[in-house]
Number of protein chains: 2
Amino acid sequence: MLNYSEIDSILRALVEPTRRQILERLSRGPATVSQLAEPFGMTFAAVLQHLQVLEACGLIRSEKIGRVRTCRIEPGGLAPLADWITERRIPAERHLDRLGEILAETDQPSPKVQDQEKDEQT
Amino acid sequence: MLNYSEIDSILRALVEPTRRQILERLSRGPATVSQLAEPFGMTFAAVLQHLQVLEACGLIRSEKIGRVRTCRIEPGGLAPLADWITERRIPAERHLDRLGEILAETDQPSPKVQDQEKDEQT
DNA sequence: ACAATACTCAAGTCCATGCTTAACTATTCC
DNA sequence: GGAATAGTTAAGCATGGACTTGAGTATTGT
């Protein structure tokens, strides 16, 4: 739990489809809370909660001018997640087939491989 | 909802800390279900459910030899998410301050900016 | 000042998901 | 063949998170 929680909060924010849509919308330019709420068949309050989540993890930024709050994308917001992914892609791309082979050779005389499931996704 | 659901399933898989830990563990080499279950203070069945989620979205792969199921990282598993992120980072890095300025100039005479919240994260 | 606007906050409901328990199947060992 | 091992499945509980409603605050227009 170091900067682990940063990744955690970003993933929790992104896992919500509505929040991803809000991000898409904002990546085409800033918008007020009401402008964001309109296209989604959703109450003001709900969108506001999403915006708070997005802002709390640094994916968006907002400022209130008068009674209007304008939201926009925070440029570097996705960077921590991008880093997390690249950190895990590079080592993963190696040593697994290697170890897999070793394990496959040392372990069984006549392996009866049966791979089921993994196909309920049209 | 095209390959949108692919991103969705990957994010849903990654948002669980336990599943991320399982991925970390597997990125250091293949492991059986019992080997994976041991370090987490968790039942067999729970870990199995996590593994099914990870496999369903293509982040890991597993094969059963005899009564032992061995799991390993699926090399390209994180690629769709990585792509999704890069697609959104490049356009986001531009045109927002631009539009932000335009909006800020056309809208108000004497802006009273007040930015609160965003600090409940120790 | 008063009303309308734009947002904010607090409860409360509802559903998805993580985890457990318990029964069950398939393999291996003796 | 029978017991132990490794995994699998199903049912149920419990929590968290999304969304709503309803009341409240600050700002702007008249």
Side-chain angles (χ1 to χ4, degrees), chain A residues 5 8-22 30-57 60 62-71 103 107-120, chain B residues 5 8-22 30-57 60 62-71 103 107-120:
Chain A
S5 57
D8 200 68
S9 62
I10 292 174
L11 284 171
R12 277 210 307 273
L14 289 180
V15 81
E16 239 299 313
T18 308
R19 285 197 285 265
R20 291 204 298 278
Q21 283 178 257
I22 290 174
T32 67
V33 177
S34 9
Q35 283 169 348
L36 287 170
E38 195 209 357
F40 307 101
M42 205 180 297
T43 57
F44 226 70
V47 172
L48 191 62
Q49 282 168 20
H50 285 311
L51 291 173
Q52 286 166 350
V53 172
L54 287 168
E55 187 157 19
C57 71
I60 71 169
S62 77
E63 59 177 8
K64 195 169 181 178
I65 297 171
R67 61 185 166 178
V68 177
R69 177 171 294 275
T70 302
C71 306
L103 192 129
D107 229 342
Q108 25 66 47
S110 61
K112 212 200 294 178
V113 176
Q114 55 203 59
D115 237 300
Q116 309 116 302
E117 63 256 320
K118 181 184 200 173
D119 36 356
E120 44 266 29
Chain B
S5 57
D8 200 69
S9 63
I10 292 175
L11 284 171
R12 278 210 307 272
L14 289 180
V15 82
E16 239 300 314
T18 309
R19 285 197 285 266
R20 290 205 298 278
Q21 282 180 258
I22 290 175
T32 67
V33 177
S34 8
Q35 285 169 346
L36 287 169
E38 196 209 356
F40 308 100
M42 206 181 295
T43 56
F44 227 70
V47 173
L48 193 62
Q49 284 166 19
H50 286 310
L51 292 173
Q52 286 165 350
V53 172
L54 287 169
E55 187 157 20
C57 71
I60 71 170
S62 77
E63 60 177 7
K64 197 169 181 178
I65 296 171
R67 62 183 165 178
V68 177
R69 177 172 295 274
T70 302
C71 305
L103 192 130
D107 231 342
Q108 26 63 49
S110 62
K112 212 199 295 176
V113 176
Q114 54 202 64
D115 237 302
Q116 307 116 303
E117 63 255 322
K118 181 184 197 173
D119 37 356
E120 45 267 28

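Order of the sequence lines fixes the chain letters, A, B, ..., with proteins taken first and strands second; residue numbering starts at 1 for each chain.
Distance, A:Glu38 CD to C:dT5 P: 15 Å, rounded to whole Å. Distance, B:Arg67 CZ to D:dG7 C1': 10 Å, rounded to whole Å. Separating the CD atom of B:Glu63 from the C1' atom of D:dG7 is a distance of 15 Å, rounded to the nearest angstrom. Regarding A:Gln52, its CD atom lies at a distance of 10 Å from the P atom of C:dA10, rounded to whole Å. The interatomic distance linking A:Glu55 (CD) with C:dC7 (P) rounds to 14 Å, in whole Å. A:Leu36 places its CG atom 12 Å from the P atom of C:dT8, with the value rounded to the nearest Å. Atom C1' of nucleotide C:dT28 and atom CD1 of B:Ile65 are separated by 15 Å, given to the nearest angstrom. C:dC19 atom P lies 13 Å from atom CG of B:Leu48, rounded to whole Å.
Here B:Gln35 does not reach the OP1 or OP2 of D:dA6: none of its side-chain N or O atoms lies under 4.0 Å away. In this model, the phosphate group of D:dA6 is not approached by any side-chain N or O of B:Arg69 to a distance below 4.0 Å at OP1 or OP2.
Under the rule for a side chain to side chain contact (heavy atoms under 4.5 Å, CB included), the partners of B:Phe44 that lie at least two apart in sequence or sit in another chain are B:Val33, B:Ser34, B:Ala37. Partners of A:Arg12 by salt bridge (charged side-chain N to carboxylate O under 4.0 Å, His left out), not counting sequence neighbours, listed by chain and number: A:Asp8.
The CD1 atom of A:Ile60 sits 9.5 Å away from atom CD of A:Gln52, with the distance rounded to the nearest 0.5 Å. Annotation: the span from B:Met42 atom CE to B:Gln21 atom CD amounts to 7.5 Å, rounded to 0.5 Å. Residue B:Thr18 holds its OG1 atom at 10.0 Å from CG of B:Leu54, rounded to the nearest 0.5 Å.
Looking only at distances, no side-chain donor or acceptor of A:Arg19 sits under 3.5 Å from a matching main-chain atom of A:Leu14.
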What nitrogen or oxygen pairs link the protein and nucleotides 18-21 of chain D at under 3.5 Å?
from: D:dA18; atom 1: OP1; to: A:Arg19; atom 2: NH1; distance (Å): 3.3
from: D:dA18; atom 1: OP1; to: A:Arg19; atom 2: NH2; distance (Å): 2.6
from: D:dC19; atom 1: OP2; to: A:His50; atom 2: NE2; distance (Å): 2.3
from: D:dT20; atom 1: OP2; to: A:Thr43; atom 2: N; distance (Å): 3.0
from: D:dT20; atom 1: OP2; to: A:Thr43; atom 2: OG1; distance (Å): 2.8
from: D:dT20; atom 1: O4; to: A:Gln49; atom 2: NE2; distance (Å): 3.2

